[in-house]
There are 2 protein chains.
Amino acid sequence: MDSGKSGVSESAVNCQPQKKSKPRQKNEEAILSAAEKVFAELGFAGATTNLIARHAGVPKATLHYYFQTKEELYRTVIKKIFAIWLQAAETFDDCDDPADALARYIRAKMNISREHSLGSKIWAQEIMQGAPQIQDFLDQTLKSWTASRVKIIERWIAEGKIDPVNPDYLLYMIWSATQHHADFAHQINSLNDGQPLSDEQFEEALQTITNVILRGIGLPVKPVDE
Amino acid sequence: MDSGKSGVSESAVNCQPQKKSKPRQKNEEAILSAAEKVFAELGFAGATTNLIARHAGVPKATLHYYFQTKEELYRTVIKKIFAIWLQAAETFDDCDDPADALARYIRAKMNISREHSLGSKIWAQEIMQGAPQIQDFLDQTLKSWTASRVKIIERWIAEGKIDPVNPDYLLYMIWSATQHHADFAHQINSLNDGQPLSDEQFEEALQTITNVILRGIGLPVKPVDE
DNA sequence: AATAAAACTGACCATATGGTCAAAAACCGT
DNA sequence: ACGGTTTTTGACCATATGGTCAGTTTTATT
């Protein structure tokens with residue numbers, strides 16, 4: 001995906017099958033990580049390549065050597081976030097037990113919200129601003145993924161496993177409830193005496209969401225085992 | 001440093017108790033409205049006073065005559081959004097019937113999401129970026145409001161009217177589910193064949209949220225009358 | 001009509017930004 | 001050691017931005 005470099009593929013077949021030199025890899029990661037943070041905190045327009053470069057500990061010109069334009073850098077960051085989204089999406093599988101499937105999916109999304117809150121914020125801002133970079137994802141991947149899960153939910157309803165509910169709007173509830181903990185973490189923290197949720201609090205929030213959703217569609221909630 | 005306006009306070013007390021002349025009012029509103037749109041779409045940093053002025057149909061210098069700095073303009077917009085938030089907050093009153101109170105509050109928040117989606121987006125971005133302008137609101141108004149509603153919910157639980165649930169996380173669910181329809185409207189539209197939700201769809205989304213939440217905390221859901 | 005005050009705006013400025021480039025430095029196979 | 005290739009980066013540039021200001025126009029008051 002980058003410079004041709006003719007036959008030189010596995011020049012030095014080290015222990016790892018890595019395609020990029022070590023320092024290059026390191027720089028790229030530092031830049032991407034810095035970019036994720038700055039984009040999340042300042043938005044695409046507010047982020048400056050200079051600031052990102054400083055955060056990454058490299059001169060601005062170096063950043064532009066790795067990523068020609070700010071937009072290219074932004075797109076690369078977005079792609080990584082997309083991959084993470086996919087990973088969570090796969091946990092929503094077509095198993096027989098709706099309670100299990102939904103609980104697992106909710107947990108996966110909550111964990112992502114916690115572990116990748118920067119990415120979640122970038123994603124949210126991107127969509128709020130009209131998805132200038134990811135419209136195709138919305139129209140394709142997300143749309144077909146949603147359609148397939150809607151079918152599963154409809155089947156659950158038809159089989160009498162859950163109460164009738166509009167599957168789309170149910171999914172939106174799950175997305176919003178879980179992502180809220182990433183996107184609005186600052187607000188949640190402010191209401192929590194300025195402290196991030198502890199592990200226990202986070203678990204309780206997850207349980208609250210899971211219980212309300214599951215019960216909300218007529219599923220029995222298994223008692224929390226202590 | 002300052003442009004005159006020394007002792008000039010309230011020059012002419014006209015017949016009307018209006019503080020501002022007609023054209024001034026009109027311009028100010030046009031600028032504020034344009035600002036709301038541009039801030040929502042580009043974020044604070046991405047919005048330019050030039051663009052806002054063009055949207056409002058006035059020269060940039062005029063904008064800066066009304067609002068000295070971009071930040072002052074932004075703060076004015078935020079204040080208006082805050083007022084709207086307050087308005088919805090008041091619908092969460094301390095009535096005996098949790099189902100009524102919650103359903104009404106959810107409806108109020110959903111309506112705001114629909115009618116003031118730009119403001120909701122600005123609010124969301126502001127919080128995602130660490131609430132640089134509204135930290136005091138979070139720490140004061142929001143915190144005390146939340147505390148008072150938490151008390152109400154706890155009373156409902158104590159009275160056995162609803163199932164035990166963490167009130168904070170329940171509130172977060174309501175906020176997220178309703179605001180999602182504003183902040184992620186673009187995504188929702190994309191999944192809805194590019195069309196905004198019709199009145200009927202919106203009503204169904206509202207019903208879905210209300211039903212899931214109410215049933216989720218052990219409340220009977222009144223059948224939707226057709 | 002005359003005057004003063006307020007409203008408006010074109011032209012301007014200092015600064016910051018994304019991005020370039022040429023030259024230097026590090027790296028490479030031979 | 002050598003020639004070529006890839007990395008690295010300080011200096012630079014064109015542009016855009018927030019904001020100013022002096023001069024003009026409009027409005028209000030007498």
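Chain identifiers are assigned alphabetically (A, B, ...) following the order of the sequence lines, protein sequences preceding nucleic acid strands; residue numbering begins at 1 within each chain.
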Contacts of type side-chain contact (heavy atoms from CB on, under 4.5 Å), residue Leu118(A), not counting sequence neighbours: Glu36(A), Lys37(A), Ala40(A)
Pair Glu203(B) + Arg107(B): basic N to acidic O under 4.0 Å: yes
Distance, rounded to the nearest Å, where Lys26(A) contributes NZ and dT7(D) contributes C1': 13 Å
Nucleic acid contacts of residues 41-49 of chain A, taken as heavy-atom distances under 4.0 Å to DNA chain D: none
Test ring pair (Phe, Tyr, Trp, His ring centres under 6.0 Å) applied to Tyr172(A) - qualifying residues, sequence neighbours left out: Tyr169(A), Trp175(A)
Residues from residues 60-67 of chain B lying under 4.0 Å of DNA chain C - heavy atoms: Ala61(B), Thr62(B), Tyr65(B), Tyr66(B)
Audit row: Arg114(A), Asp199(A), salt bridge (Lys or Arg N to Asp or Glu O under 4.0 Å) steps and yes/no: CA-CA 10 Å; Arg114(A) 203 176 201 200; Asp199(A) 288 350; 3.1 Å; yes
Distance test, side-chain N/O of Asn27(B) to OP1/OP2 of dC8(C), below 4.0 Å: yes
Pair Asn192(B), Gln201(B): side-chain N/O donor-acceptor within cut-off below 3.5 Å: yes
Nearest-Å distance for atom pair CZ/P, residues Arg54(A) and dT17(C): 9 Å
Qualifying residues under salt bridge (charged side-chain N to carboxylate O under 4.0 Å, His left out), relative to Asp94(A), sequence neighbours excluded: Arg155(A)
Rounded interatomic separation in angstrom, taking NZ from Lys70(B) and P from dT15(C): 18 Å
Whole-Å distance separating the CG atom of Asn50(A) from the P atom of dC12(D): 16 Å
Check ion pair Lys143(B)-Asp136(B) (N to O, under 4.0 angstrom): no
d(CD, Gln68(B); C1', dC21(D)) in whole Å: 13 Å
d(CD1, Ile52(B); P, dG19(D)) in whole Å: 10 Å
Ring pair (Phe, Tyr, Trp, His ring centres under 6.0 Å) against Tyr105(A), all qualifying residues, sequence neighbours excluded: Phe92(A), Trp145(A)
